[in-house]
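Right, one structure below, let's go through it.
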Amino acid sequence: QVQLVESGGGLVQAGGSLRLSCATSGSIFSIYAMAWYRQAPGKQREWVGRIHSGGSTHYADSVKDRFTISADNAKNAVYLQMNSLKAEDTAVYYCAAGRPGRLGAKNQDYWGQGTQVTVSS
């Protein structure tokens, strides 16, 4: 059973930065692509980006050039570096693990519990 635990959320002013971490229960990066999603109040869960085992990354247009996903195989962790934060980035952020090529929230196999990010304007 894969376990994912996010951390690093908090309150930050607009224009600031936060780094979220997702600790995994083992060496799963060779099996799963790791994704970040977010969900704002009253809205559907939104894909933020993902990283594959080879290190390739993909991002939603809304966060491209501001957010960066990275992975540390030795620490079994995935990170989401968020810069130039905006009020509309306020949401609960989740990391998820899914088989490569299986896109969309419904196709992710494992989820973390989420961490709240609040950006004040």
Side-chain angles (χ1 to χ4, degrees):
Q1 183 75 9
V2 174
Q3 292 184 331
L4 308 175
V5 179
E6 301 96 335
S7 61
L11 174 64
V12 62
Q13 289 187 332
S17 299
L18 274 178
R19 186 194 194 207
L20 305 184
S21 300
C22 174
T24 71
S25 56
S27 302
I28 65 172
F29 300 152
S30 61
I31 301 173
Y32 296 100
M34 301 300 297
W36 286 93
Y37 286 78
R38 65 186 182 185
Q39 189 165 19
K43 295 188 177 181
Q44 290 188 334
R45 194 164 294 191
E46 174 191 23
W47 175 71
V48 173
R50 68 180 179 273
I51 185 167
H52 291 267
S53 60
S56 61
T57 53
H58 306 270
Y59 300 95
D61 288 343
S62 59
V63 306
K64 197 174 293 182
D65 298 327
R66 297 190 298 123
F67 290 11
T68 302
I69 298 174
S70 61
D72 187 330
N73 291 331
K75 295 184 178 180
N76 295 327
V78 177
Y79 305 99
L80 178 64
Q81 177 67 44
M82 305 184 293
N83 299 327
S84 302
L85 283 162
K86 307 174 181 179
E88 51 263 44
D89 294 318
T90 295
V92 177
Y93 283 71
Y94 300 88
C95 67
R99 297 285 180 173
R102 293 179 58 80
L103 306 179
K106 294 181 179 180
N107 292 318
Q108 302 305 298
D109 295 319
Y110 300 99
W111 291 88
Q113 83 289 350
T115 185
Q116 176 71 47
V117 172
T118 302
V119 183
S120 62
S121 57

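Quick caveat, the model's predicted, so the values are computed rather than measured. Computed over heavy atoms, backbone and side chain alike; hydrogens, waters and symmetry mates excluded.
Under the 4.5 Å side-chain contact rule for hydrophobic residues, Tyr37 and Leu85 do not share a cluster. Both Phe67 and Val12 belong to a common hydrophobic cluster when Ile, Leu, Val, Met, Phe, Trp and Tyr are linked at side-chain heavy-atom distances under 4.5 angstrom. Under a hydrophobic-cluster definition in which Ile, Leu, Val, Met, Phe, Trp and Tyr are linked whenever side-chain heavy atoms come within less than 4.5 Å, directly or via other members, Trp111 and Val92 are assigned to the same cluster. If you chain together hydrophobic residues whose side chains sit under 4.5 Å apart, Leu103 and Trp47 never meet in one group. Residues Trp36 and Val2 share a single hydrophobic cluster, defined by chaining ILVMFWY side chains whose heavy atoms lie under 4.5 Å apart.
Of all the heavy atoms in Lys43 and Gln39, the pair that sits closest is O-NE2, 3.1 Å. Nearest heavy-atom pair across Arg66 and Ser84 is NH1-O, 3.0 Å. When all heavy atoms of Tyr93 and Leu80 are compared, the pair lying nearest together is CD2-CD2, 3.9 Å. Summarising the geometry of Leu4 relative to Cys22, their closest heavy-atom pair is CB-SG, 4.0 Å, with the distance given to 0.1 Å. Scanning all heavy atoms of the two residues, the minimum distance from Ser121 to Ala14 falls at CA-CB, 4.2 Å. In terms of heavy atoms, Ala71 sits closest to Phe29 at CB-CE1, 4.1 Å.
Taking OG1 of Thr24 as the start and CE of Met34 as the end, the distance is 6.0 Å to the nearest 0.5 Å. Here the CD atom belonging to Gln108 is positioned 14.0 Å from the OH atom belonging to Tyr94, to the nearest 0.5 angstrom. The CD atom of Gln113 sits 10.5 Å away from atom CD of Gln3, with the distance rounded to the nearest 0.5 Å.
Ile69 is listed as a side-chain neighbour of Val78, based on a closest heavy-atom distance under 4.5 Å. Side chains of Leu20 and Glu6 form no contact here, defined as non-hydrogen atoms less than 4.5 Å apart. No side-chain heavy atom of Glu88 sits less than 4.5 Å from a side-chain heavy atom of Ser62. Within the 4.5 Å cutoff, the side chain of Thr90 has heavy atoms near those of the Gln116 side chain. Inter-residue side-chain proximity for Arg50 and His52 is flagged as met; some heavy-atom pair is nearer than 4.5 Å. Contact annotation: the side chain of Lys75 never approaches that of Ser21 to less than 4.5 Å [non-hydrogen atoms, C-beta and beyond]. Counting only heavy atoms from C-beta outward, the side chains of Ser7 and Thr115 never approach each other to under 4.5 Å.
A cation-pi arrangement, defined by a distance under 6.0 Å to the six-membered ring centre and an angle within 45 degrees of its axis, is present between Arg99 and Tyr32.
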Evaluation steps, side chain to side chain contact (heavy atoms under 4.5 Å, CB included), between Val63 and Arg38: CA-CA 11 Å; Val63 306; Arg38 65 186 182 185; 3.9 Å; yes
Worked verdict on Lys86 versus Asp89 for salt bridge (Lys or Arg N to Asp or Glu O under 4.0 Å): CA-CA 5 Å; Lys86 307 174 181 179; Asp89 294 318; over 6 Å; no
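Annotation: side-chain contact (heavy atoms from CB on, under 4.5 Å) contacts of Arg19 (sequence neighbours excluded): Tyr79, Gln81.
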